[in-house]
Amino acid sequence: MVQLLSTLHDANGKVNVDHFSDDVVELTEFEKEQIKAK
């Protein structure tokens with residue numbers, strides 16, 4: 001199980017599951033600034 005779970009991300013932390021983030025909306029510059037301000 002651990003070996004299987006270790007294949008879900010590459011060495012850079014990118015998700016290796018096809019279409020995993022297809023519906024994710026990129027943050028706007030304003031949203032990024034708000035996150036940095038916290």
Side-chain angles (χ1 to χ4, degrees):
M1 181 64 104
V2 172
Q3 190 174 14
L4 172 66
L5 292 174
S6 71
T7 65
L8 297 178
H9 291 86
D10 67 14
N12 297 317
K14 183 178 179 220
V15 176
N16 281 331
V17 179
D18 289 339
H19 310 290
F20 179 79
S21 58
D22 285 354
D23 294 329
V24 175
V25 178
E26 191 165 339
L27 295 174
T28 65
E29 289 303 315
F30 176 75
E31 291 168 325
K32 291 176 186 177
E33 290 174 15
Q34 293 297 305
I35 291 169
K36 286 180 185 178
K38 290 186 178 187

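Any value given below was found using the heavy atoms of this structure, including those in side chains, with hydrogens, waters and symmetry copies removed. Fair warning: this is a prediction, and the values are worked out from it, not measured in the lab.
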Query raised in the report: Hey, any chance Val17 and Met1 share a hydrophobic cluster, counting ILVMFWY side chains that come within less than 4.5 Å of each other, even indirectly?
Result: yes
Query raised in the report: At their closest point, which heavy atom of Asn16 faces which heavy atom of Thr7, and how far apart are they?
Result: ND2-O, 3.2 Å
Query raised in the report: Any side-chain heavy atom of Glu26 sitting closer than 4.5 Å to one from Glu31?
Result: no
Query raised in the report: Hey, is CG on Asp22 packed in by over 12 heavy atoms from elsewhere, all under 6.0 Å?
Result: yes
Query raised in the report: Taking 4.0 angstrom as the limit, do Lys36 and Glu33 come out as a salt bridge?
Result: no
**Report entry** Linked, directly or transitively: Phe20 and Leu5 (ILVMFWY side chains, under 4.5 Å)
**Finding:** yes
Query raised in the report: If only atom types and distance count, is the side chain of Asn12 paired as donor or acceptor with the main-chain N or O of Lys14 below 3.5 Å?
Result: no
